[in-house]
Amino acid sequence: MNSSNNNSEESSKDIIADLQSRNMVVQLAGGDELKSHLATDSRAVYCGFDPTASSLHIGSMVPLLALKRFQMAGHKPIALVGGATGMIGDPSFKDSERKLNSSDVISDWVEQLKPQLSQFLDFDCGENSAVLVNNLDWTKDYDVLSFLRDVGKHFAVNAMIQKESVKQRLEREGEGISFTEFSYMILQSFDFAELNKRYDCTVQIGGSDQWGNITGGIDLTRRMNQAQVYGATLPLVTKSDGTKFGKSESGTIWLDPNRTSPYAFYQFWLGTADADVYNFMKYFTFLSAHEIDAIETTDKASGTKPEAQGILARHVTELAHGEQGLTAATRISEALFSGDINSLTGDDLQQLELDGLPCSSIAADSAGIVEVLVATELAKSNKMAREFLGNNAVSVNGQLVTEPDFQFSAENALQGRYFVLKRGKKLFHLGKLAG
RNA sequence: GGAGGGGUUCCCGAGUGGCCAAAGGGAUCAGACUGUAAAUCUGACGCGCAAGCUUCGGUGGUUCAAAUCCACCCCCCUCCA
């Protein structure tokens with residue numbers, strides 16, 4: 001596949017080559033110099049994550065796992081949470097100005113992101129233990145005048161407006177950019193210079209949309225610290241069909257199990273298109289490129305359903321939610337998709353609820369199917385509920401239901417009180433008869 | 001402060017007095033086919049069982065009738081100062 005690595009022992013030490021073999025390198029700032037820089041010593045590598053919500057989503061896993069890969073190769077990862085930059089909003093490749101969130105909200109999100117960032121990294125492994133930092137720490141007390149003089153002076157507006165990341169925004173009809181967002185690059189650049197000073201951090205990684213901000217930081221670090229630092233960008237995950245990655249019918253796939261259950265998370269990966277799955281394995285798992293290629297070869301030769309999606313789903317779910325989360329997810333999946341729903345015992349059904357299958361109670365009498373579909377959010381209006389019924393899209397305990405006057409009662413419940421509601425092919429909900 | 005251009009249903013974007021719940025595309029959802037794929041085809045896509053009701057930045061107004069006209073207000077963009 002690639003001529004420079006007929007010796008796999010050697011190549012595993014070359015983290016850049018390793019990433020390249022996984023199609024994970026978009027751009028390198030420093031090129032060969034960066035490779036030898038990384039080959040000669042353990043380096044501090046940083047990646048920033050801004051609090052734009054109370055949880056990270058799966059898009060953040062690529063850079064986060066990349067930090068982990070650097071750590072496994074002997075380098076020191078620095079996960080930065082953007083308590084400061086999150087206050088400003090990164091304009092890179094965004095087509096419109098974003099609304100600012102209050103500082104209370106942002107600091108709350110920062111706190112929620114910290115454990116998510118931490119879970120993938122090792123903070124107790126000696127020299128190259130990970131570090132978690134918040135850029136608010138070195139910006140909040142910096143006064144405006146000093147900042148403009150010390151930092152701002154190093155930036156040429158001429159160069160800043162040439163950056164591809166903001167260019168389209170500046171040229172876009174009907175949109176503009178505020179000075180606030182325009183300044184984002186300066187803040188992120190300053191982070192790099194600051195981390196270079198504090199931790200001797202010499203490498204920054206990020207999504208390919210971060211190229212402008214990373215090179216800005218490289219320039220600034222050279223000017224402020226007279227130090228040579230490097231950067232690498234990772235691919236933004238895209239899907240072969242052009243639709244947005246990381247969304248499902250129920251919305252964004254979050255890392256927070258309270259927002260996206262391990263089951264829903266697992267199902268998301270299981271639904272990966274064949275055209276994407278091998279690439280995603282390279283991005284999201286620690287299987288070697290060789291192993292992944294082997295799986296692809298086997299799948300292609302088998303002529304039946306590929307194994308890859310299942311492997312991917314298991315690996316990523318375990319990474320994000322641990323062994324327990326994975327067990328719960330597969331238990332639900334098996335019960336709903338391959339088992340006979342009617343043979344589930346009361347314990348099984350209870351376990352499904354504990355495992356995180358969406359669940360709600362149904363009032364004992366006068367519980368019509370239409371109301372229940374809406375109440376359980378399987379349909380978002382009565383009208384849609386009726387439509388689903390008419391389309392043969394609804395089943396209860398494995399039985400197709402098409403009549404809008406279907407009633408729930410102890411007689412047609414499983415174990416006297418449970419209902420497994422299904423809308424469409426993949427959406428399930430557990431109903432419990434109340435009272 | 002001045003001049004001009006805009007704000008339409010999730011997104012893009014038509015619509016300039018009735019035929020508009022509002023073209024078209026995208027996204028999404030369901031069904032068929034399948035592998036809990038892809039592609040394709042069919043259907044749905046404000047709410048309501050229905051009669052009908054509520055929408056086109058906001059508030060008032062003109063009119064038998066407004067997303068479309070008028071007034072004021074809010075927000076965005078461009079250029080000038």
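Scope of the values below: all heavy atoms of this structure, side chains included, with no hydrogens, waters or symmetry mates.
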Report task. Ignoring backbone atoms, establish whether A/Lys425 has a side-chain N or O less than 4.0 Å from OP1 or OP2 of B/A32. Result -> yes
**Report entry** Distance test, side-chain N/O of A/Ser381 to OP1/OP2 of B/G48, below 4.0 Å
**Finding:** yes
Query raised in the report: Which value, in whole Å, describes the distance between the P atoms of nucleotides B/U9 and B/A67?
Result: 14 Å
Report summary line: As its Watson-Crick or G-U partner within any shown strand, both distances under 3.5 Å, B/C64 has B/G18
Query raised in the report: Per the atom types in the model, does the base of B/U36 pair as donor or acceptor with the side chain of A/Gln267 at under 3.5 Å?
Result: yes
**Report entry** Phosphate contact (B/C29 OP1 or OP2) by A/Arg423 side-chain N/O below 4.0 Å
**Finding:** no
Query raised in the report: Which nucleotide, in any strand shown, forms a Watson-Crick or G-U wobble pair with B/C47, with both distances under 3.5 Å?
Result: B/G52
Query - C1' spacing across the pair B/U8 / B/U54, given as an integer number of angstrom - result: 16 Å
Requested in this report: Counting heavy atoms from C-beta on, name the nucleotide in B/A37, B/A44, B/C47 closest to the side chain of A/Glu387.
Outcome: B/A44
**Report entry** Base partner of B/G24, which must satisfy Watson-Crick or wobble distances under 3.5 Å
**Finding:** B/C12
Query - A/Leu56 and A/Trp254, any side-chain heavy atoms less than 4.5 Å apart - result: no
Report task. Indicate whether the side chain of A/Arg259 and that of A/Ser54 have a donor and an acceptor atom separated by less than 3.5 Å. Result -> yes
**Report entry** Nearest to side-chain heavy atoms of A/Lys426, which nucleotide of B/A44, B/U36, B/A38
**Finding:** B/U36
Query raised in the report: Would you say A/Lys305 reaches B/U36's phosphate, i.e. side-chain N/O to OP1/OP2 under 4.0 Å?
Result: yes
Query - Pairwise P distance for B/G6 and B/A51, with rounding to whole Å - result: 38 Å
Query raised in the report: How far, in whole Å, is B/C73 from B/G13 if one measures between their P atoms?
Result: 28 Å
Report task. Determine the Euclidean distance between corresponding C1' atoms of B/C77 and B/G61; express it in Å to zero decimal places. Result -> 29 Å
Query raised in the report: For B/U78, what is the paired nucleotide under Watson-Crick or G-U wobble rules, both distances under 3.5 Å?
Result: B/A3
Report task. Write down the atom of A/Leu236, the atom of A/Ser208, and the distance for their closest heavy-atom approach. Result -> CG-OG, 3.5 Å
Query - Integer angstrom distance from the C1' of B/U28 to that of B/G46 - result: 15 Å
Query raised in the report: Would you say the side chain of A/Asn391 and the base of B/G43 hold a donor-acceptor pair, judged only by whether the two atoms sit under 3.5 Å apart?
Result: no
Query raised in the report: When we call it a touch if two heavy atoms are under 4.0 Å apart, what does A/Ala273 touch: a base, just sugar-phosphate, or nothing?
Result: sugar-phosphate
Query raised in the report: Rounding to the closest angstrom, what is the interatomic distance between B/G26 and B/U34 at atom C1'?
Result: 25 Å
Query raised in the report: Given the C1' atoms of B/C53 and B/U42, what is the spacing between them in whole Å?
Result: 30 Å
Query raised in the report: Which nucleotide sits closest to the side chain of A/Asp274: B/A30, B/U34, B/G35?
Result: B/G35
Requested in this report: Answer yes if the side chains of A/Asp50 and A/Thr85 hold a donor-acceptor pair under 3.5 Å, and no otherwise.
Outcome: yes
Query raised in the report: Among side-chain atoms of A/Gln267 and A/Ser333, is any donor-acceptor pair under 3.5 angstrom?
Result: yes
